[in-house]
Amino acid sequence: MKEVTVVIVGAGPSGLATSACLKQNSISHIVLEREDCNASLWRKNAYDRVYLHLAKEFCSLPYMSHPPSAPTFLSKEAFLWYIDEYVARFNINPRYGCCVESAVLCEGEEKWRVEVNNSLLNRREVYEAKFLVVATGENSHAYIPQVPGLDSFEGEIVHSKNYKSGSKYKSKEVLVVGCGNSGMEIAYDLTEWGVNPSILIRSPFHVLNKELVRRGMSMLASNSTFETVDALVLSMAETQYGDLTQYGIYPPKGGPFYLKDLTGRSPVVDVGTIQRIKDGSVKVIRGQIERIENKKVVFENTMEKEFDVIVFATGYRSVANEWLKDYKYVLNVDGWPKNAFPRHWKGERGLYCAGLSKRGLFGVARDAEAIANDINQILNGNVGDTVPAKDDKA
Ligand SMILES: Cc1cc2nc3c(=O)[nH]c(=O)nc-3n(C[C@H](O)[C@H](O)[C@H](O)COP(=O)(O)OP(=O)(O)OC[C@H]3O[C@@H](n4cnc5c(N)ncnc54)[C@H](O)[C@@H]3O)c2cc1C
Ligand SMILES: *[C@@H]1O[C@H](CO)[C@@H](O)[C@H](O)[C@H]1NC(C)=O
Ligand SMILES: *[C@@H]1O[C@H](CO)[C@@H](O)[C@H](O)[C@H]1NC(C)=O
Ligand SMILES: *[C@@H]1O[C@H](CO)[C@@H](O)[C@H](O)[C@H]1NC(C)=O
């Protein structure tokens with residue numbers, strides 16, 4: 001059993017950023033990572049084509065901005081290069097192969113007991129820490145909805161998390177389920193490989209592009225209201241894309257930045273899919289799957305079609321509650337922060353969460369700084385500012 005001041009769970013951008021901030025304050029800590037590398041989501045579970053959707057000024061981690069020579073929108077390789085530089089600069093040494101299987105508060109002792117399965121050394125380890133930081137990400141568990149008959153499907157089923165490129169699907173009939181950023185971008189990627197996929201669209205969404213998102217975020221950063229920003233970007237999007245309802249794409253009520261702030265749901269950042277929908281190389285199917293029979297997918301509008309592959313771009317679930325037994329001090333039953341933004345990162349009894357505010361890398365950096373400052377203040381006896389937020393109605 002080892003005693004440490006802070007245990008950080010996860011060596012993605014959130015865990016690495018929190019580590020860098022703690023180092024700046026000379027606070028000792030360890031980072032536990034279940035995979036064999038840092039930033040595993042980006043190295044192992046992101047499709048080849050992915051570029052950051054947010055401009056580089058909104059995607060840097062604390063104490064290290066992207067160089068002026070970096071492109072405005074970074075590729076996966078460029079972002080991983082940045083991460084490698086970051087890890088090296090702050091001399092962060094995550095313990096790889098260390099999956100946290102349980103974390104409990106030792107009542108009376110005000111300590112967190114963290115149990116780890118170290119698969120590299122093939123042994124169990126126990127750590128005790130005054131502070132525990134949950135940095136296991138919003139994308140830890142791939143979610144596939146329970147569709148009747150899914151087990152009978154004779155083709156291939158893949159979640160967007162494991163989709164790399166369309167190269168292996170040439171001349172296949174592919175159905176993409178889900179119309180968030182992953183689903184829309186995967187549909188585009190498939191057309192680049194000569195596949196004409198169908199995309200199932202169920203909910204309304206806004207369509208913007210990277211430049212409009214960048215413009216909106218800059219305006220918000222200089223204190224424009226959601227109303228002003230949304231009105232401007234929507235009118236520019238309308239000029240660019242025209243009326244999309246004829247293609248089965250309907251906008252939700254409420255503007256894109258307002259809804260992002262309120263619900264965390266992002267607008268679709270178009271990478272060229274809209275043009276492919278307009279020219280017919282991506283086919284829109286509206287509604288839901290009613291059932292699957294062998295190769296056949298039956299939709300609720302009674303249409304049916306045979307597919308070889310179904311790509312589920314149906315998002316993720318937070319599963320931190322499975323190992324964080326005393327999650328109630330920071331998360332709700334669904335595994336998301338129980339406190340409202342901007343105090344979501346701070347739990348009680350030395351428990352924190354980083355990177356769960358649905359605000360991308362921008363939110364990650366803010367959380368890491370706030371957590372390190374808070375721990376620093378507590379360790380230095382200045383607890384005046386550390387009373388937990390009262391708004392834990394969730
Ligand atoms: C395809 C895709 C595109 C994206 N594009 C953007 C973008 O353009 N801009 C942006 O800002 N954000 C983007 N994101 C959001 C992305 O979530 C963040 O960029 C960032 O990766 C979040 O970092 P994180 O450290 O919070 O989570 P992750 O990167 O998910 O890291 C969490 C880490 O915790 C580890 N872990 C989980 N459970 C355990 C456990 N029990 N024990 C030990 N370790 C554990 C995981 O292995 C993982 O390495 C994108 C996400 C995806 C999937
Ligand atoms: C981060 O991960 C990359 C890829 O596995 C590796 O090359 C690098 O050494 C890692 N950095 C540290 C400090 O572990
Ligand atoms: C640890 O994890 C590995 C890989 O997931 C698994 O095979 C092994 O059974 C686990 N060991 C223990 C002691 O739980
Ligand atoms: C926005 O408002 C905040 C708080 O009112 C202020 O501190 C900040 O300087 C403003 N930023 C700009 C760019 O006007």
Side-chain angles (χ1 to χ4, degrees), residues 6 8-10 12-22 24-25 27 53-55 57-63 65 131-139 213-214 216-230 254-267 316 318 320-321 324 327-379 382-394:
V6 188
I8 299 170
V9 188
S14 296
L16 298 173
T18 307
S19 173
C21 292
L22 289 173
Q24 294 297 304
N25 291 292
I27 296 168
H53 284 167
L54 303 184
E57 63 267 30
F58 300 109
C59 290
S60 54
L61 300 181
Y63 307 112
S65 26
F131 303 99
L132 179 64
V133 181
V134 180
T136 46
E138 296 168 346
N139 309 104
V213 171
R214 183 188 196 194
M217 287 183 72
S218 308
M219 288 173 72
L220 289 173
S222 38
N223 292 344
S224 296
T225 63
F226 286 123
E227 212 178 349
T228 312
V229 175
D230 282 338
F257 286 96
Y258 170 75
L259 287 178
K260 175 72 195 169
D261 189 67
L262 189 72
T263 66
R265 182 143 198 242
S266 300
Y316 296 86
S318 172
N321 292 9
L324 183 57
Y327 67 82
K328 65 172 185 241
Y329 295 116
V330 73
L331 305 177
N332 64 26
V333 287
D334 297 321
W336 294 101
K338 65 171 187 167
N339 293 322
F341 182 86
R343 294 281 283 177
H344 59 282
W345 51 272
K346 184 165 168 65
E348 296 145 58
R349 324 283 290 261
L351 185 59
Y352 299 87
C353 65
L356 297 180
S357 73
K358 299 188 179 171
R359 282 170 171 81
L361 295 161
F362 189 55
V364 161
R366 287 187 50 159
D367 291 355
E369 286 169 341
I371 290 169
N373 284 339
D374 199 67
I375 292 177
N376 193 36
Q377 286 189 354
I378 295 174
L379 289 175
N382 177 5
V383 289
D385 193 36
T386 58
V387 181
K390 285 275 178 279
D391 52 344
D392 55 352
K393 341 182 212 346

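Judged purely by atom type and a 3.5 angstrom limit, K260 has no side-chain atom pairing as donor or acceptor with the backbone of P267. A donor-acceptor contact shorter than 3.5 Å is absent between the side chain of D230 and the backbone of G254. Formation of a donor-acceptor pair under 3.5 Å by the N339 side chain with backbone atoms of K346 is found in this model. Although no hydrogens or angles enter the test, the distance criterion places a donor-acceptor pair under 3.5 Å between the side chain of R359 and the main chain of S357. Between the side chain of S19 and the backbone N or O of G15, no donor-acceptor pair lies under 3.5 Å.
Contact record, F58 with R214: CE1-O, 4.2 Å, taken as the closest heavy-atom pair. The minimum heavy-atom distance linking G216 with V229 is given by the pair CA-CG1, 3.5 Å. Closest of all the heavy-atom pairs between Y63 and A20 is CE1-O, 4.4 Å. For the pair G335 and S318, the tightest heavy-atom approach, listed with the atom from each and the gap, is O-OG, 2.8 Å. Scanning all heavy atoms of the two residues, the minimum distance from A17 to V364 falls at CB-CG1, 4.4 Å. Nearest heavy-atom pair across S14 and G355 is OG-CA, 3.3 Å.
Looking at heavy atoms from C-beta onward, W345 lies in side-chain contact with D374 at the 4.5 angstrom threshold. Looking at S266 and H53, their side chains never come closer than 4.5 Å, going by heavy atoms from C-beta outward.
Distance check, rounded to the nearest 0.5 Å: CG of L356 to OG1 of T136 gives 6.5 Å. The line from CD of E227 to OH of Y258 is 10.5 Å long, rounded to the nearest 0.5 Å. Note that the CZ atom of F257 and the CG atom of L220 stand 6.0 Å from one another [nearest 0.5 Å]. Within the model, atoms CG of D334 and OH of Y327 stand 9.0 Å from one another, a figure rounded to the nearest 0.5 Å. Note that CD of E369 and CG of L61 are 9.5 Å apart. Values are rounded to the nearest 0.5 Å. For the atom pair OG1 of T18 and CD1 of I8, the computed distance is 5.0 Å after rounding to the nearest 0.5 Å.
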Check the pair W336 / K358 against side-chain contact (heavy atoms from CB on, under 4.5 Å), numbers first and verdict last. CA-CA 10 Å; W336 294 101; K358 299 188 179 171; 3.8 Å; yes
Run I27 and F131 through side-chain contact (heavy atoms from CB on, under 4.5 Å) and show every step you take. CA-CA 11 Å; I27 296 168; F131 303 99; over 6 Å; no
Which is it for M217 and L54 under the side-chain contact (heavy atoms from CB on, under 4.5 Å) test, yes or no, and what are the steps along the way? CA-CA 9 Å; M217 287 183 72; L54 303 184; 3.8 Å; yes
Evaluate the side-chain contact (heavy atoms from CB on, under 4.5 Å) criterion for residues V9 and L324: first the C-alpha distance (whole Å), next the side-chain angles of each, then the deciding distance (0.1 Å), finally the verdict. CA-CA 10 Å; V9 188; L324 183 57; over 6 Å; no
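Heavy atoms of other residues, nucleotides or ligands lying less than 6.0 angstrom from CD of E57 number more than 12.
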